[in-house]
Protein chains: 2
Amino acid sequence: MNEPRERLRDAKRTRAEILDVATTAFAASGYTGTGVDDIAERAHKTKRMIYYYFGSKEKLYLAVLEKAYRGIREAEQAPDVEEMSPLDALRRVAEVTYDHHLEHSEFIRLVAIENIHHGSSIRHLEPLREVNRNALGLLDRLLERGRADGTVRTDVDALDVHMMISAYCFFQVANRYTIRFLFERDMLDPERRDHYRGMIADAVVAWLSSGDD
Amino acid sequence: MNEPRERLRDAKRTRAEILDVATTAFAASGYTGTGVDDIAERAHKTKRMIYYYFGSKEKLYLAVLEKAYRGIREAEQAPDVEEMSPLDALRRVAEVTYDHHLEHSEFIRLVAIENIHHGSSIRHLEPLREVNRNALGLLDRLLERGRADGTVRTDVDALDVHMMISAYCFFQVANRYTIRFLFERDMLDPERRDHYRGMIADAVVAWLSSGDD
DNA sequence: GAACTAATGTACCGAGTGGTACATTGCCCG
DNA sequence: CGGGCAATGTACCACTCGGTACATTAGTTC
């Protein structure tokens, strides 16, 4: 019953709302394609507020990028796979990663945008490196177990596997539009989702369980 | 000895030079990130010429996109694999596709840019659909042969395979910058090229030769 | 070589955009 | 309750950028 009364001036809320709208806007239209005025209007704030809280368009974009990256890694619920066999676990990881990507297309678009700009912004987000490298820990342990019991090939590391899986998921989301136009197939069609999830899972398992001699 | 004398006014050459510079510029900085003045200057032409030959920035970009797409498919030297076993042939296709992507990063960036813009431009390039669908013919024949002799799983089609391979290659090129920063690994390092080429080749073969029952 | 047009150069406009100066008002604290 | 500052509103600037009007020159044609 202690609902905090709706205040007209709420720094934290204002800042957060701007950040949310900015995330959507940048993801939708790119950095240069998004106007500060647009963001202000869509957030029902004035442009003045954006500069008050973020200082510049560039810094706002930086805040968006950082929050998106942190959010994605946190949301990445490490599936409980420590009990499973390495290969079963890797299959599971592939499946979870697939769903995760499809549910966070906004983040994927931000990554694409950042790469278009040669990573000029992410460079300033040093702390993200740690966050990201840690994300490889789970894969690393699974591969190690698999190598130990002879079920997983020995010539690939955690990042290799991560790349294989992410590439597949990323591609479908990021290139949805050109694919749909050129091949008349919507990769995000819910009807086909099981098929595509199964594809990467099958590929990863088959690949990793095939010998490297 | 009949060198055509260097003319000061050469419509075809001027147009072609603008198109080349524009391709590089758009690929490097995106659509909104590239100014018409920049292109003009770097092509040693005047802005006036761009409008004379292309009509608008949008139409220039469209011309760039079309030329890039056509060029990439033509350069796609279909490897001579009709004599090989289906699986060997598919391995070869994966390897060739990998190299092809790495050598045409400009094109890949244009695709990424186009998807950032929701494919709003490629929509106007109807003829490209035909070109692209034809590119699947080779894969289709290989899969058919493989299914016939029982070496290839039956639950995937040519586009599925194309996606698997392209996704992997595209990802490494398109996301080079964020990957390099976050994981301190350059996916385009020549020293690792054989490893990464082998990875997708192994994965495709292992995947397609694994059963689907 | 005169005439005609394709091809090019120059100078400018108007809208949009990132950013800011200055005024104002709600909220908390004593 | 009233002062003081955090938070917000308004109006504006400087500049970029896509696009164009108009003048000019190189090539071609007869």
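As a basis for the values below, the full set of heavy atoms in this structure was taken, side chains included, without hydrogen atoms, waters or symmetry mates. In the text below, chain A, chain B and the rest are named by the order of the sequence lines, each starting its count at 1.
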Taking only side-chain nitrogens and oxygens of Thr14(A), does any of them come within less than 4.0 Å of OP1 or OP2 of dT8(D)?
-> yes

Sidechain-backbone polar pair: Tyr53(A) side chain, Ile18(A) backbone, donor-acceptor under 3.5 Å | no

When Arg197(A), His195(A), Glu191(A) are each screened for side chain to side chain contact (heavy atoms under 4.5 Å, CB included) with Arg193(A), the one that passes is Arg197(A)

Are Asp186(B) and Arg192(B) ion-paired here, with the side-chain N under 4.0 Å from a carboxylate O?
-> no

Return the nearest nucleotide to the side chain of Arg48(B); candidates are dC22(D), dG18(D), dT10(D).
-> dC22(D)

Any donor-acceptor N/O pair, Lys57(A) side chain to Thr34(A) backbone, under 3.5 Å = yes

Would you kindly give the CG-to-P distance between Asp10(B) and dT5(C), to the nearest whole Å?
-> 21 Å

Nearest-nucleotide pick for Asp37(B), side chain only, options being dG18(D), dG18(C), dT8(C) | dG18(D)

Does Lys47(B) get its side chain close enough to the base of dG19(D), under 3.5 Å, for a donor-acceptor pair?
-> yes

Does Tyr196(B) have its ring centroid less than 6.0 Å away from the ring centroid of Tyr98(B)?
-> no

Nucleotide dG18(D), atom C1' - distance to NZ of Lys59(B) in whole Å | 13 Å

So does Ser56(A) get a side-chain nitrogen or oxygen closer than 4.0 Å to the phosphate oxygens (OP1/OP2) of dG18(C)?
-> no

Considering only dG9(C), dT20(D), dA6(C), which nucleotide approaches the side chain of Tyr51(B) most closely?
-> dT20(D)

CD of Glu184(A): more than 12 outside heavy atoms within 6.0 angstrom?
-> yes

DNA chain C contacts among residues 112-119 of chain B, heavy-atom distance under 4.0 Å = none

When you match Thr32(A) and Lys45(B) each to their closest nucleotide on DNA chain C, which lands nearer the 5' end?
-> Lys45(B)

Go through dG18(C), dA7(C), dT8(D) for me and flag the one nearest to the Tyr53(A) side chain.
-> dT8(D)

Starting at atom CZ of Phe26(A), determine the distance to atom C1' of dT17(C), rounded to an integer number of angstrom.
-> 13 Å

